[in-house]
Amino acid sequence: MDEFATAPAGPLGRPRVRAAQYLRMSTERQIYSIDNQKDAIRNYANVMGYDIVATYEDPGRSGLSLVGRPGLRRLLDDVESRRADFETVVVYDVSRWGRFQNTDESATYEYRCQMAGVRIEFCAELFVNDGSIGSDVLKAIKRSMAAEYSRMLSNRVFAGQSRIVALGFSGGGPAGYGFRRLLVDGSGNPKAMLHRNERKGLASDRVILVPGPKNEISTVRRIFNQFVKGKTEAEIATALNARGLVTERGRPWTKACVGTILASEKYIGNNVWNRISHRLLHDRVRNPPSAFVRADNVIEPLVTRALFDRAQAVRRARAYLKPDEELLADLTKLLKERGRLSSPIIDAAPFCHSANIYVHRFGSMKAAYQLIGYDASANYRKLDVSNRLKQIRQQVVEDLMSKIDKVGGSALYDPKTRLMRVNEEFSVAIWIARYRIIVTGYPRWMFWNRGLVGPDVTILIRMEPDHQTVRDFLIAPAHEAQSALRMLNANNGVRLDAFLFASLDPVVEMARREPISAIP
């Protein structure tokens with residue numbers, strides 16, 4: 001929307017240019033605040049004779065890739081679909097456009113805009129982005145500098161994290177079963193116990209691990225004792241589930257969960273970090289022990305060193321890896337017993353090695369399936385669709401929060417409860433339903449997520465058959481949705497279809513705190 005007053009003509013009487021602004025900031029602590037960028041672009045627009053008629057924002061977004069940047073994606077979509085009512089986009093500088101590690105990626109998105117007839121201008125750079133050799137050389141240097149800044153920052157962050165861990169503090173992540181995270185100040189004085197998804201508020205504060213509830217500590221010791229007495233991880237998990245116990249995430253126990261506890265040195269008081277690296281959006285890699293960052297005897301142990309060492313000896317004795325032929329024979333046997341295969345089924349089978357072993361040995365589960373003649377294409381099709389629907393739902397959540405913010409409202413999303421709190425007045429639950437064809441040939445949209453706690457409004461995203469395009473949105477009071485929904489038809493009657501909308505504008509209007517007359 002327009003944010004600046006328009007004038008009849010620009011400098012020297014030339015017609016004023018319609019322009020958009022793109023704003024990005026990764027953290028609140030940056031000097032590149034959204035407001036600072038707006039001020040700089042406003043001054044630039046006044047000098048150049050531009051009217052800013054559209055704004056695209058990515059607040060709190062990393063510039064390393066296009067993923068997670070709804071503002072830039074929407075900008076590219078508007079430009080390439082010819083919906084954009086402007087001829088140039090003003091960005092503060094090259095780094096706000098992105099810190100892509102491959103500088104060609106940054107150039108690609110700019111080139112896509114240029115091919116659609118929209119220029120990209122950087123108001124804080126010392127060069128004019130006019131396609132001349134000089135400006136292209138400077139821009140290439142700036143792109144490299146932006147990428148290098150992220151690499152240097154990553155190295156500094158890694159060094160800082162390593163130092164924190166070496167001093168005995170937590171390096172991040174969940175505490176693990178049997179432990180809790182305690183927030184302490186710079187001198188080590190306790191401040192508060194952190195619950196799941198809670199983070200420290202001051203950079204000077206630190207987090208340490210402390211023993212959790214007595215029942216969890218008792219369960220950890222039982223796991224180690226049962227294991228050294230000959231029980232397998234799968235048998236221990238089955239026994240824990242039979243007693244009604246759950247993991248720290250509230251989920252049933254699995255062989256993998258038990259194995260994680262048995263392998264972790266935190267249970268004898270050692271803090272070990274950097275087992276796995278995932279830096280600058282590269283693939284996760286398992287590091288050799290020489291790259292681990294360690295601090296021994298900094299956590300109150302839950303089991304004795306002698307018991308832990310006995311458990312490791314048992315793990316090593318059981319770690320015999322069968323030849324490829326035996327691994328595949330076990331997989332064939334499991335297929336005959338179960339009729340189908342998947343990673344959870346393999347992990348639960350007592351006579352099979354874990355799915356990770358098959359991936360490590362054969363390159364992927366798909367490759368292992370092919371060697372025994374099992375067609376798992378349906379598994380991967382379902383997985384691809386599920387992953388795509390999760391991404392679409394997340395994008396809808398982000399877009400809705402952005403729109404609410406633009407009309408003066410506030411929206412906070414809790415990934416744990418999957419509820420969005422709007423203006424501290426009402427809560428919204430957002431779910432997605434894929435398109436299905438039932439045996440009679442009629443379309444249906446299944447909706448099984450009815451166990452929601454406390455939402456005031458339910459939003460159901462209905463998908464088209466391609467599982468990529470949103471058909472419409474059901475926006476209904478939660479009590480209405482909960483009582484009516486099990487599966488949606490193409491036509492559901494006046495009572496329910498009255499809540500179907502082509503967009504989320506009704507929710508945005510409910511959240512509006514900025515008078516319509518005040519919007520330019």
Side-chain angles (χ1 to χ4, degrees), residues 170-179 209 211-212 215-278 284-289 292 294 299 301-322 326-327 330-331 333-334 338 341-362 364-365 368:
S170 172
Y177 190 81
F179 287 104
L209 297 184
N215 63 313
E216 290 190 15
I217 297 174
S218 175
T219 299
V220 169
R221 292 170 178 167
R222 176 185 292 273
I223 289 173
F224 276 92
N225 282 308
Q226 291 296 313
F227 185 71
V228 299
K229 290 179 180 179
K231 296 289 186 181
T232 66
E233 292 95 329
E235 291 171 336
I236 294 173
T238 300
L240 293 174
N241 290 329
R243 298 178 61 193
L245 300 178
V246 294
T247 67
E248 70 274 17
R249 295 178 177 271
R251 299 172 181 171
W253 286 89
T254 65
K255 180 170 63 177
C257 294
V258 174
T260 297
I261 289 178
L262 292 169
S264 177
E265 291 188 39
K266 73 174 68 174
Y267 294 99
I268 54 170
N270 297 342
N271 193 6
V272 184
W273 184 71
N274 198 41
R275 292 176 179 271
I276 297 176
S277 295
H278 180 51
R284 294 180 181 272
V285 295
R286 293 185 178 276
N287 295 319
F292 294 173
R294 306 180 57 90
I299 306 171
L302 302 191
V303 299
T304 65
R305 182 64 189 245
L307 179 59
F308 184 84
D309 288 343
R310 288 172 58 195
Q312 303 320 299
V314 174
R315 291 181 66 243
R316 288 192 295 271
R318 295 180 182 178
Y320 161 70
L321 293 182
K322 302 176 181 178
E326 291 187 32
L327 287 176
D330 290 342
L331 213 55
K333 176 184 176 182
L334 184 60
R338 299 296 301 271
L341 293 175
S342 66
S343 293
I345 291 176
I346 295 171
D347 287 340
F351 58 85
C352 272
H353 278 295
S354 69
N356 286 336
I357 296 297
Y358 283 91
V359 171
H360 178 75
R361 186 69 66 86
F362 301 104
S364 68
M365 286 308 308

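Values reported hereafter were calculated over all heavy atoms of this structure, with side chains retained and with hydrogens, waters and symmetry mates removed.
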Worksheet item: What closest approach, in Å, do Y358 and H353 show between heavy atoms, and which atom pair accounts for it?
Response: CE1-O, 3.6 Å
Discussion item. So, taking the atom named NZ in K266 and the one named CD1 in I299, what distance separates them when rounded to the nearest 0.5 Å?
Written reply: 7.0 Å
Worksheet entry | Point-to-point distance, once rounded to the nearest 0.5 Å, from CD of Q226 to CD of E235 | 9.5 Å
Discussion item. Do M365 and I346 make a side-chain contact, defined as non-hydrogen atoms from C-beta onward lying under 4.5 Å apart?
Written reply: yes
Item to complete: Determine whether T304 and F224 make a side-chain contact, defined as any pair of heavy atoms from C-beta on separated by less than 4.5 Å.
Response: no
Worksheet item: Closest approach of L331 and A368, non-hydrogen atoms and distance?
Response: CD2-CB, 4.1 Å
Practice prompt. Decide yes or no for D347 and T254: does some side-chain heavy atom of the first lie under 4.5 Å from some side-chain heavy atom of the second?
Written response: no
Worksheet item: Got I223 and L240 here, is their nearest side-chain heavy-atom distance under 4.5 Å?
Response: yes
Response to the item:
Separation between CG (N225) and CD1 (I236), nearest 0.5 Å, reads 9.5 Å
Practice prompt. May I ask you to decide if the ring planes of Y267 and F179 are parallel, tilted or perpendicular, using 30° and 60° as cut-offs?
Written response: tilted
Worksheet entry | Main-chain N/O of L262 paired to Q312 side chain as donor or acceptor, under 3.5 Å | yes
Discussion item. Within this structure, what is the OH-CD1 distance for the pair Y177 and I261, rounded to the nearest 0.5 Å?
Written reply: 7.0 Å
Worksheet item: Does a side-chain heavy-atom distance below 4.5 Å link C257 with R251?
Response: no
Worksheet item: What are the two closest heavy atoms between W253 and L245, and how far apart are they?
Response: CD1-O, 3.4 Å
Worksheet item: Considering only heavy atoms from C-beta outward, does the side chain of V258 approach that of F227 to under 4.5 Å?
Response: no
Worksheet item: Is it the case that more than 12 heavy atoms not belonging to R294 sit under 6.0 Å from its CZ atom?
Response: yes
Worksheet item: So, D330 side chain and C352 main chain: donor-acceptor pair closer than 3.5 Å or not?
Response: no
Worksheet item: Does R305 reach the side chain of N270, with side-chain heavy atoms less than 4.5 Å apart?
Response: yes
